[in-house]
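Every chain is numbered from 1 and lettered A, B, ... according to where its sequence line falls, protein lines coming before strand lines. All values derive from a computational prediction rather than experimental measurement.
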2 protein chains.
Amino acid sequence: MNYHEGKHKFIQAWGTLGSSWGINKVMAQIHALLLISPKSLTTDDIMEELKISRGNANMNIHALMDWGIVEKELIVGERKDHYRAGKDIWELARQVSRERRKREIEPILKVLGKVQSVTGKSDEVKEFKTVTSDLKDFSSKIDGALDKFTRSDKNWFFKMLLKL
Amino acid sequence: MNYHEGKHKFIQAWGTLGSSWGINKVMAQIHALLLISPKSLTTDDIMEELKISRGNANMNIHALMDWGIVEKELIVGERKDHYRAGKDIWELARQVSRERRKREIEPILKVLGKVQSVTGKSDEVKEFKTVTSDLKDFSSKIDGALDKFTRSDKNWFFKMLLKL
DNA sequence: TTTTATTTTCAATAAATTTTGAAAATAAAG
DNA sequence: CTTTATTTTCAAAATTTATTGAAAATAAAA
């Protein structure tokens, strides 16, 4: 397979995967592009590679920076901003976990905590409290494990995965 | 908090969470509704509770059955089909993992395998092969861990989570 | 300061996804 | 077999989400 084809396949696949996990396709594609690029890229590079508008490129680059998985790199003597993605996959997974935990797990835990205060003793209320409580317990455990993971040492994590 | 309000909050929150994980909002809401319901529900029950059309209800109920997290329950003497969701959260997580692994991780692993055959020795190609290879290694490890998880015993899993 | 390059914003537009509702298909009852 | 209830399908409509492109803002150079 030639490079051009492989690159295209990878960027497409990464975009599709992103979509099915609630991440905007172009955002995932820009990330894929930066991941495999040996040098940092400008907005114009990204626009051209992915055939997207300036506004779209700019917004998604910023979303990636908000997620903490892409950063600006200032190149001396160059006017344009350059962007690059970290190449360490474990670091990437850690950062994504950190963000999703903050953005999604914590809010749902908050709701599950609140609805525990529902009053009544009908079957419906009993079932509601049991299920939401179980859900809260489970989510808390996952939350704790993710917290541990995002703070853990790379080697420890890989050893643990293997031992699993 | 009264039951009605709690129920509403929970269903809304579950729908929102679903959305940010690539799951259709109504699908997640139907699941939430069945989760907290002490008895199985008909399509009409679901339509009324969530104020959605018959077609919408039917399609999403079927999607939930395809995911293996909702099942039909035949009630003797009743014409209408009844549906129920399993109440065991661990079982739910296991089933969701199983499905996402099959639907999403396996396809990306396949692509990552294929693009490894890219030829050339430029910096770009080198970077491409390194990153996609790292990504494949990492994904395989996660895939393996998920496989283990979906086959494991509940108690073993909880003990492991705690030990973590 | 003025000019030029670059980035950011955002209203308008386009695209993708979801939802509806009614017709067709299926299944149970009479 | 005929009637009635229920489920399924799917084209059209509605809604949501993503994208464009150009104007405004910002930043660097002259």
Side-chain angles (χ1 to χ4, degrees), chain A residues 11-34 39-67 70-84 103-104, chain B residues 11-34 39-67 70-84 103-104:
Chain A
I11 290 173
Q12 286 306 115
W14 207 238
T16 304
L17 187 71
S19 295
S20 64
W21 286 84
I23 286 148
N24 168 315
K25 189 183 73 187
V26 166
M27 183 173 158
Q29 288 179 332
I30 294 176
H31 184 244
L33 182 60
L34 291 172
K39 55 183 186 26
S40 58
L41 302 178
T42 65
T43 301
D44 289 86
D45 294 334
I46 292 166
M47 286 166 65
E48 187 178 10
E49 285 276 7
L50 303 179
K51 314 284 183 219
I52 58 173
S53 71
R54 187 172 303 283
N56 197 4
N58 184 271
M59 280 180 145
N60 282 296
I61 289 166
H62 280 262
L64 286 163
M65 291 196 293
D66 288 346
W67 274 70
V70 160
E71 49 193 47
K72 252 185 209 172
E73 181 173 49
L74 290 169
I75 309 271
V76 287
E78 298 246 7
R79 273 298 269 288
K80 293 180 182 174
D81 288 343
H82 286 61
Y83 305 95
R84 63 181 205 76
R103 295 173 192 218
E104 293 142 16
Chain B
I11 291 173
Q12 286 306 115
W14 207 236
T16 303
L17 187 70
S19 295
S20 63
W21 287 84
I23 287 149
N24 167 317
K25 189 183 75 186
V26 167
M27 183 173 157
Q29 288 179 333
I30 294 176
H31 183 244
L33 182 60
L34 291 172
K39 56 184 184 25
S40 58
L41 301 179
T42 65
T43 300
D44 289 87
D45 294 336
I46 293 166
M47 286 167 65
E48 187 177 10
E49 285 276 6
L50 304 179
K51 314 285 182 217
I52 58 173
S53 72
R54 185 172 304 284
N56 196 4
N58 184 272
M59 280 181 146
N60 282 296
I61 289 166
H62 281 262
L64 285 163
M65 290 196 293
D66 288 345
W67 273 71
V70 160
E71 51 194 46
K72 251 185 210 174
E73 181 172 51
L74 291 170
I75 309 272
V76 289
E78 298 247 6
R79 273 299 269 286
K80 293 180 184 175
D81 289 342
H82 285 61
Y83 304 95
R84 63 182 206 76
R103 294 172 193 220
E104 292 142 16

Within this structure, what is the [atom1]-to-[atom2] distance between [X] and [N], rounded to whole angstrom?
X       : N      : atom1 : atom2 : answer
B/Leu74 : C/dA27 : CG    : P     : 13 Å
B/Leu41 : D/dT7  : CG    : C1'   : 17 Å
A/Met47 : C/dT6  : CE    : P     : 12 Å
B/Lys51 : C/dT20 : NZ    : P     : 12 Å
B/Tyr83 : D/dT6  : OH    : P     : 12 Å
A/Asp81 : D/dA25 : CG    : P     : 20 Å
B/Lys25 : D/dT15 : NZ    : P     : 12 Å
B/Arg54 : C/dA23 : CZ    : C1'   : 14 Å

Report the C-alpha distance between A/Trp67 and A/Met27 in whole Å, list the side-chain angles of each, state the deciding distance to 0.1 Å, and finish with yes or no for side-chain contact (heavy atoms from CB on, under 4.5 Å).
-> CA-CA 11 Å; A/Trp67 274 70; A/Met27 183 173 158; 3.5 Å; yes
Do any side-chain nitrogens or oxygens of A/Asn58 fall under 4.0 Å of OP1 or OP2 in C/dT7?
->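 No.
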More 5' along DNA chain D: A/Asn60 or A/Arg79, using each one's nearest nucleotide?
->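 Comparing both residues, the 5'-ward one is A/Asn60.
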By nearest nucleotide on DNA chain D, pick out whichever of B/His62 and A/Ile52 is the more 5' one.
->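 Nearer the 5' end of the strand: B/His62.
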Ignoring hydrogens and geometry, is there a side-chain-to-backbone donor-acceptor pair from A/Asn58 to A/Arg54 under 3.5 Å?
->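 No, A/Asn58 side chain to A/Arg54 backbone: no donor-acceptor pair under 3.5 Å.
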First encountered from the 5' end of DNA chain C, between B/Gly55 and A/Gly55 |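 Looking at DNA chain C, the more 5' nearest nucleotide goes with A/Gly55.
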Per the side chain to side chain contact (heavy atoms under 4.5 Å, CB included) rule, which among A/Asp45, A/Val70, A/Ile61 passes with A/Leu34?
->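 Of all the options given, the one that passes is A/Val70.
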Given B/Glu49, which of B/Leu33, B/Ile30, B/Ile11 fulfils the side chain to side chain contact (heavy atoms under 4.5 Å, CB included) condition?
->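 Only one of B/Leu33, B/Ile30, B/Ile11 forms a side chain to side chain contact (heavy atoms under 4.5 Å, CB included) with B/Glu49, namely B/Leu33.
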For A/Asn24, report the nucleic acid contact type (base, sugar-phosphate, nothing); a contact means any heavy atom under 4.0 Å.
->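 Sugar-phosphate: the residue A/Asn24, judged by heavy atoms under 4.0 Å, touches backbone atoms but no base.
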When you get a sec, tell me which of D/dT19, C/dT19, D/dT7 is the closest nucleotide to the side chain of A/Asn56?
->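 Given the options D/dT19, C/dT19, D/dT7, the side chain of A/Asn56 is closest to D/dT19.
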Minimum-distance nucleotide (side-chain atoms of A/Lys80 versus D/dT7, C/dT6, D/dT19) |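 The answer is C/dT6.
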